[in-house]
Number of protein chains: 2
Amino acid sequence: MATASTSSPPSVDTIDTSYLETLLGYNARRAALSIIEVFLQDMAQYDLRPVEFSVTSLITHNPGITSRQICTALGLLPPNLVGLLNALEKRGLIERKPHPSDGRAVGLHPTPACASMMQAAEKTAAQVEVQASGKLTTAERKTLLRLLQKVYR
Amino acid sequence: MATASTSSPPSVDTIDTSYLETLLGYNARRAALSIIEVFLQDMAQYDLRPVEFSVTSLITHNPGITSRQICTALGLLPPNLVGLLNALEKRGLIERKPHPSDGRAVGLHPTPACASMMQAAEKTAAQVEVQASGKLTTAERKTLLRLLQKVYR
DNA sequence: TATTGTTATACTCTATAACTATA
DNA sequence: TATAGTTATAGAGTATAACAATA
């Protein structure tokens, strides 16, 4: 017999990941990590990690946005945004101004330095897209975006 | 004029996330987090988080797999797997046996308890799929899986 | 009474260097 | 010399509780 009761335990030569590959969560996580890897490399020149880029981009496209609004839009928790915003302010990328109608809130505004950096950073982000979805056709990339949004919206 | 030089800073009523939504990384991350949220809820009954589930599943489907092989397959770092495997062993879900041909390596094997738990857990994982991709048709879900794999493979 | 922003803090996840034993 | 597994440790990311100021 090939497998006697006294035989040594089996070893694995080719890893079977076929089951995990049927799961949406597994594939979404692997794809996200793969894209983020490219993002980290290409965005290192601006010292912007994914969440920092998202926050800075949101402030750039929504001048006067509040901390709370950013948290809602990006699914962040308020305490975790404080340090990030302090760092962006210290780097001269954003300014905190009083909110026009709510004394509790603080409006977040991009500085000119932020605007010019983001103009370059968004060009780099476009390159990340090309790299990350290099194996996809334009139509496939468009379909993928649509389906991902359908999942989380 | 609507915006005089002395006007107060603007506030934002509707947050514009349209730019971020054009980015693959942003959407992949949001989708992955949304699916993981469902996964965490449904898998809490087994005390299995995403990576623990993936590791346990891999060991179940690949008896005798080594720590290094799991790291390669899942993109984990060896030091971060040690504690996880110790915990699974302590819970009586896996066993470490000597590798049949490599004295440095350790073969990882599922216990009967692991096998029966995973049979139930994989049924729950199927329910997670239904919940997480509830807004997608069967064809769309299949397409999404294929495109995600094309990105990270 | 509820909300914004904040502090303090803890927990998880991820990353690097260095050791041991075996190949 | 290189690799498998491990230890120790540091850093990043994420979580809850509680507070002051304002609504």
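Residue numbering restarts at 1 for every chain, and letters A, B, ... go by the order of the sequence lines.
To the nearest angstrom, P of dA15(C) lies 11 Å from CD1 of I36(A). Atom pair I94(A):CD1 and dG5(C):C1' shows a separation of 13 Å (rounding to whole Å applied). Distance CG (L81(B)) to P (dT6(D)): 8 Å, rounded to an integer number of Å. Atoms CG (N80(A)) and P (dG13(D)) sit 10 Å apart, rounded to a whole Å. If you measure from atom CZ of R49(B) to atom C1' of dT14(D), you get 13 Å, rounded to the nearest angstrom. When rounded to the nearest whole Å, the span between CG of L76(A) and P of dT6(C) equals 14 Å. At whole-Å resolution of the value, CG in D47(A) and C1' in dA12(D) are 14 Å apart. The nearest whole Å value for the distance from the CG atom in L40(A) to the C1' atom in dG13(D) is 13 Å.
Of the candidate nucleotides dT4(C), dA15(D), dT16(C), dT16(C) has the atom lying nearest to any side-chain atom of L77(B). Side-chain atoms of P79(B) lie closest to dA17(C) of the nucleotides dT14(C), dA17(C), dT6(C).
From one end of the helix from dT1(C)-dA23(D) to dA23(C)-dT1(D) to the other, with five pairs defining each end axis, the axis direction shifts by 10° (rounded to 10°).
Residues L144(B) and S133(B) fail the side-chain proximity criterion, which asks for heavy atoms closer than 4.5 Å.
For the pair R104(A) and dA20(D), the criterion of a side-chain N or O lying under 4.0 Å from OP1 or OP2 is not met. For dT6(D), one of the phosphate oxygens OP1 or OP2 lies less than 4.0 angstrom from a side-chain nitrogen or oxygen of R96(B).
No more than 12 heavy atoms of other residues, nucleotides or ligands sit less than 6.0 Å from atom CD of E37(B).
A side-chain N or O of E21(B) and one of T17(B) form a donor-acceptor pair less than 3.5 Å apart. S57(B) and Y19(A) share no donor-acceptor pair across their side chains, judged by distance under 3.5 Å alone.
In terms of polar N and O atoms assigned as donor or acceptor, the side chain of D102(B) never comes within less than 3.5 Å of the base of dA4(D) in a complementary pairing.
Within the 4.0 angstrom heavy-atom criterion, only backbone atoms of the sugar-phosphate kind lie near V106(A); the bases stay farther away.
Toward the 5′ end of DNA chain C lies the nearest nucleotide of N86(A), the other residue of the pair N86(A) and G103(B) mapping further downstream. Position along DNA chain C of the nearest nucleotide to S101(B) versus R29(A) favours R29(A) as the more 5'-ward residue.
When all heavy atoms of Q131(B) and D42(B) are compared, the pair lying nearest together is OE1-OD2, 2.5 Å.
Applying the salt bridge (charged side-chain N to carboxylate O under 4.0 Å, His left out) criterion to E140(A), with sequence neighbours excluded, gives R146(B), K150(B).
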May I have the step-by-step check of side-chain contact (heavy atoms from CB on, under 4.5 Å) for M118(B) and F53(B), ending in yes or no? CA-CA 9 Å; M118(B) 284 311 285; F53(B) 174 85; 3.7 Å; yes
